[in-house]
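Below is one structure, written out as structure tokens, with a few remarks after it.
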Amino acid sequence: MNPQEPITTSTVASSTGTKGAVEKFGLPRTIHLVPLDLIGGFEVRPGFYEINGATAIPGGVNFTVYSHGATSIELLLFHRTEHEPYAILPFPEHYRIGNVYSMIVFKLNIEEFEYAYRVDGPYEPKKGLIFNRNKYLLDPYARAVTGQSQWGNRAPRGQHYKARVVKDDFDWEKNAPPLLPTEDLIIYELHVRGFTQHSSSEVEHPGTFAGLLEKLPHLLELGVNVVELMPIFEFDEMQDYREVDGEKLYNYWGYNTVSFFAPNTSYTSSEEYNREGNELKNLIQIFNQHGIEVYLDVVFNHTAEGNEHGPFFSFKGFDNNIYYLLTPDGHYYNFSGCGNSLNCNHPIVRQMILDCLRYWVNTYRINGFRFDLASILGRNEDGTPMSNPPLLQALAFDPILGDVKLIAEAWDADGLYQVGTFPSWNRWAEWNGRYRDDIRRYLKGDNGMAQSAAQRIVGSRDIYEIKSRENASVNFITCHDGFTLNDLFSYNIKHNEKNGWNNTDGANDNYSWNCGIEGETDDPEILELRHRMIRNSFAILMCSRGIPMFLAGDEFCNTQFGNNNAYCQDNIISWLDWTLLEKNRDMFEFFKYMIRFRKEHRLLRTNISDGASGFPDVSFHGVTPWQDKFADYEHYVGVMFAGQAEKFGPQVIYIASNAYWEDVDVTLPALPVSMCWEVAVDTWKSEQHPYLFENDKLTVRPRSIIVLIGK
């Protein structure tokens, strides 16, 4: 039966049988539906078993849920804002097929109710079975979660999570995704709330999807073409809520998923009853129309239910021993550092994750996903790493996800580090932690880092197979986790005292340098040096092969005041201070310039050589050409890209990087007689004015970078 057609108890004509089939098999010419059952005062009938979650259909709502170990399941209906159900509908035994329970409830108005489940079953904790029929459970496939729309609401949650039925009637018009080539991506990582929550953002709807949309002109002027949103799945910001020195501390970042299928309703500018997600869809549609792709930072490695001491609101109550990785005695493996680890390669969980990602692509037109602590997604049910994890392979080859970018944070909190070895099938890109660490150490002047820095600039060919994984490396120097770019050159050590853990949280190996004074200063020489170091960082990032990514606010020197783990700070520590945009307008102009420079020179993004340029695709140089061991001046790196463009002839770009604290004199590689060098970038200066350089001798000023083009 077509789920779009009204279902009644009337006689319906057979639409499938032919006269011959009727005569041959003795089939009736009409099919009489069994009269509807009456449960809890509602007319019901068995539902559509392959449609998970709660779905509005003509005349009613289809509820489908599954549990491998349950002995019975009840559907609970609530009036909006009430915590006790007004109706309890047990699923009859004959409404179950296999482990799936499905029921259509007629004459339900989706705008007048919310729902949850109660599940009964065995209680054997050592086997991971902890069914509790007294708990109200959130549907794992819930499209919207109630009671979350007001940020910081301290009302009890967990036991009171309920779901709404969402009507998907958003008009995508003729929206088509940008489908940007991987080599062209420039990723801008941001937190939806923190991006516009500060009053200096001057948006009408601060801290919301609508507020982010109001800042589209800024993103277009900057030139980025991807925004990567930190977690926007429904999460509980009140988890681990504390007050420290009078400051309210939340789970601000949102790496504690409550529901994988539901958008965070506190990120909307108004209530979206039963149309949750429309404001986000509008954002994605308009961003895509302007050539900007939208990626989600997704957290499938753990949930907000934590360990045995954590809340009990969904997965624990449906099939605790299936959804979570458990030790032989029923405790939770904690590869995430957040209390539990999702059992990602169990067939049930694997299917849920695939269904979830497909849903976000089909319903929200998401263009890409970044997977938090993705190495957990490759662990077996006993916690050991797998060589060919079924989940990762399924995502790599899924047809619906065929045009979607997949990016792995290729490590986890238990020490599994897979940068360069993450199972990829030439489909997955990776956050390159080696790039971050090596470039930071090189720029601040550590000895012996020149060779590693050169490798990072050319796409980490020592890590990735260049022919099959040329764009596997997501290059970044800063991200949400750690110092901002401003703080990287303002602090030698982290300053996380306001987090309330006596400065014991957050990474200690930041490879940062305060340029001579710890923290804020008015010293003009220190400030000029810090800004030059920021320019150095961004110039190298934009001139490196691979996919560049940087943190929102770096373009105008946003600060977190030395906090390198601001996960709990819902205040000026984490919010962008937009007054800095005007104060540091020259830095913003430099970022714009470098992004445009990267876009204009495909040679920086990929190999365009056919051998006709006379130079290899990439080459390393010391202070003298073609000496690539960097032995004499270990703080100087020369990298040259060369290629042959079909319309423009030979192309050559030379990056002269001096991390030393004195001038370095360099001899440039000789160009063909028909060409000369042009200085396109010089980080010694805040403003960029390209000029021809008719010489092969170059002086690179202390701690600065010059980028030259062969003209």
Side-chain angles (χ1 to χ4, degrees), residues 177-192 195-196 201 203 212-229 283-295 367-368 370 405 407 429 457 471 473-479 484-486 531 534-558 576 578 580-606 641 653 655 680-683 685-690 705 707 709:
L179 297 178
L180 300 174
T182 303
E183 67 195 51
D184 294 344
L185 304 179
I186 301 174
I187 301 175
Y188 185 79
E189 188 197 33
L190 63 87
H191 187 281
V192 171
F195 195 63
T196 61
S201 69
V203 299
L212 171 55
L213 183 56
E214 292 180 66
K215 286 296 185 182
L216 176 59
H218 173 81
L219 300 176
L220 293 174
E221 183 181 1
L222 181 59
V224 296
N225 54 25
V226 176
V227 292
E228 182 175 295
L229 307 182
L283 167 74
I284 296 166
Q285 182 181 44
I286 295 176
F287 272 39
N288 278 191
Q289 289 170 349
H290 286 83
I292 296 177
E293 295 189 337
V294 179
Y295 299 174
N367 310 115
R370 177 264 186 188
K405 279 77 171 182
I407 301 172
I457 293 171
N471 292 298
S473 176
V474 175
N475 302 327
F476 68 103
I477 300 172
T478 58
C479 65
T484 67
L485 199 51
N486 177 83
H531 280 211
I534 293 172
R535 291 195 294 270
N536 291 344
S537 301
F538 200 68
I540 280 189
L541 182 65
M542 288 298 114
C543 290
S544 296
R545 292 268 177 94
I547 304 169
M549 183 193 79
F550 63 102
L551 179 64
D554 279 349
E555 70 270 25
F556 50 77
C557 306
N558 193 62
L576 297 197
W578 289 88
L580 295 173
L581 176 57
E582 282 308 313
K583 180 180 179 181
N584 298 308
R585 173 62 65 169
D586 59 338
M587 188 63 71
F588 178 67
E589 293 299 326
F590 181 80
F591 272 57
K592 283 170 52 180
Y593 180 86
M594 289 306 310
I595 290 173
R596 185 169 66 250
F597 182 75
R598 180 178 181 84
K599 289 180 176 179
E600 291 173 351
H601 295 89
R602 187 165 179 261
L603 187 61
L604 293 172
R605 310 192 302 274
T606 189
F641 297 110
I653 297 178
I655 302 158
V681 180
D682 186 350
T683 64
K685 308 169 184 177
S686 60
E687 296 183 3
Q688 303 304 306
H689 300 287
I705 293 171
V707 182
I709 304 173

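Side chains included, hydrogens not; waters and symmetry mates left out as well; all remaining heavy atoms used. None of the values given here were measured: they were computed from a predicted structure.
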- Message: If you apply the rule side chain to side chain contact (heavy atoms under 4.5 Å, CB included), what do you find for Ile457 with Ile540, and how did you get there?
- Response: CA-CA 7 Å; Ile457 293 171; Ile540 280 189; 4.1 Å; yes
- Carefully, step by step, assess His218 and Leu581 under the rule side chain to side chain contact (heavy atoms under 4.5 Å, CB included). CA-CA 10 Å; His218 173 81; Leu581 176 57; 4.1 Å; yes
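Looking at every heavy atom in both residues, Leu180 comes nearest to Gly291 through CD1-O, 3.9 Å. In plain terms, the two heavy atoms of Gln688 and Ala680 that are nearest each other are OE1-O, 4.1 Å.
Contacts of Tyr593 classified as ring pair (Phe, Tyr, Trp, His ring centres under 6.0 Å), with partners at least two apart in sequence or in another chain: none. With sequence neighbours left out, His601 forms a ring pair (Phe, Tyr, Trp, His ring centres under 6.0 Å) with Phe597. For Glu589, the side chain to side chain donor-acceptor pair (under 3.5 Å) partners at least two apart in sequence or on another chain are Lys592. Under the side-chain contact (heavy atoms from CB on, under 4.5 Å) criterion, Ser686 pairs with Arg535, Asp586, sequence neighbours left out. Evaluation of the side-chain contact (heavy atoms from CB on, under 4.5 Å) rule for Glu214 yields Val203, Glu204, His205 as partners, not counting sequence neighbours. In terms of the salt bridge (Lys or Arg N to Asp or Glu O under 4.0 Å) criterion, Glu189 has no residue partners (sequence neighbours excluded). Under the side-chain contact (heavy atoms from CB on, under 4.5 Å) criterion, Asn471 pairs with Thr182, Glu183, not counting sequence neighbours. Residues that satisfy the ring pair (Phe, Tyr, Trp, His ring centres under 6.0 Å) test with Phe287, not counting sequence neighbours, are absent from this structure. For Phe550, the ring pair (Phe, Tyr, Trp, His ring centres under 6.0 Å) test picks out Tyr188, Phe538, Phe591, with sequence neighbours left out. For the side chain to side chain donor-acceptor pair (under 3.5 Å) test, residues two or more places apart in sequence or in another chain that qualify with Asp184 are Arg605. Partners of Glu687 by salt bridge (Lys or Arg N to Asp or Glu O under 4.0 Å), not counting sequence neighbours: none found. A search for side chain to side chain donor-acceptor pair (under 3.5 Å) contacts involving Gln289 returns nothing, not counting sequence neighbours.
Each of Ile284, Ile292, Ile286 was checked for a side-chain contact (heavy atoms from CB on, under 4.5 Å) with Asn288, and the lone residue meeting it is Ile284. Partner of Val226 under the side-chain contact (heavy atoms from CB on, under 4.5 Å) criterion, out of Met549, Lys405, Glu293: Glu293 alone.
Inter-residue side-chain proximity for Leu485 and Leu551 is flagged as unmet; no heavy-atom pair is nearer than 4.5 Å. The side-chain heavy atoms of Lys583 and Phe556, taken from C-beta on, include no pair separated by under 4.5 Å. Using a 4.5 Å heavy-atom threshold, the side chains of Ile547 and Ile407 count as separate. Side chains of Asp554 and Thr484 form a contact here, defined as non-hydrogen atoms less than 4.5 Å apart. Within the 4.5 Å cutoff, the side chain of Val294 has no heavy atoms near those of the Leu283 side chain. Taking the side chain as every heavy atom from C-beta outward, Val707 and Ile709 never approach each other to under 4.5 Å.
No donor-acceptor pair closer than 3.5 Å links the side chain of Glu221 to the backbone N or O of Leu219. A donor-acceptor contact shorter than 3.5 Å is absent between the side chain of Asn584 and the backbone of Cys557. A donor-acceptor contact shorter than 3.5 Å is absent between the side chain of Ser473 and the backbone of Gly546. Checking side-chain atoms of Asn367 against main-chain N and O of Tyr295 turns up no donor-acceptor pair under 3.5 Å. In this structure, the side chain of Arg545 engages the main chain of Leu603 through a donor-acceptor pair within 3.5 Å.
With values rounded to the nearest 0.5 angstrom, Met587 atom CE is found 8.5 Å from Asn486 atom CG. Remark: Phe590 CZ to Glu555 CD distance equals 13.5 Å, nearest 0.5 Å. Rounding to the nearest 0.5 angstrom, the gap separating the CG atom in Leu541 from the CZ atom in Phe476 is 10.5 Å. The CG atom of Asn536 sits 4.0 Å away from atom CD1 of Ile705, with the distance rounded to the nearest 0.5 Å. Considering CE of Met594 and OG of Ser537, their distance stands at 11.5 Å, rounded to 0.5 Å. Taken from CG in Leu190 to CG in Leu576, the straight-line distance is 8.0 Å, to the nearest 0.5 Å.
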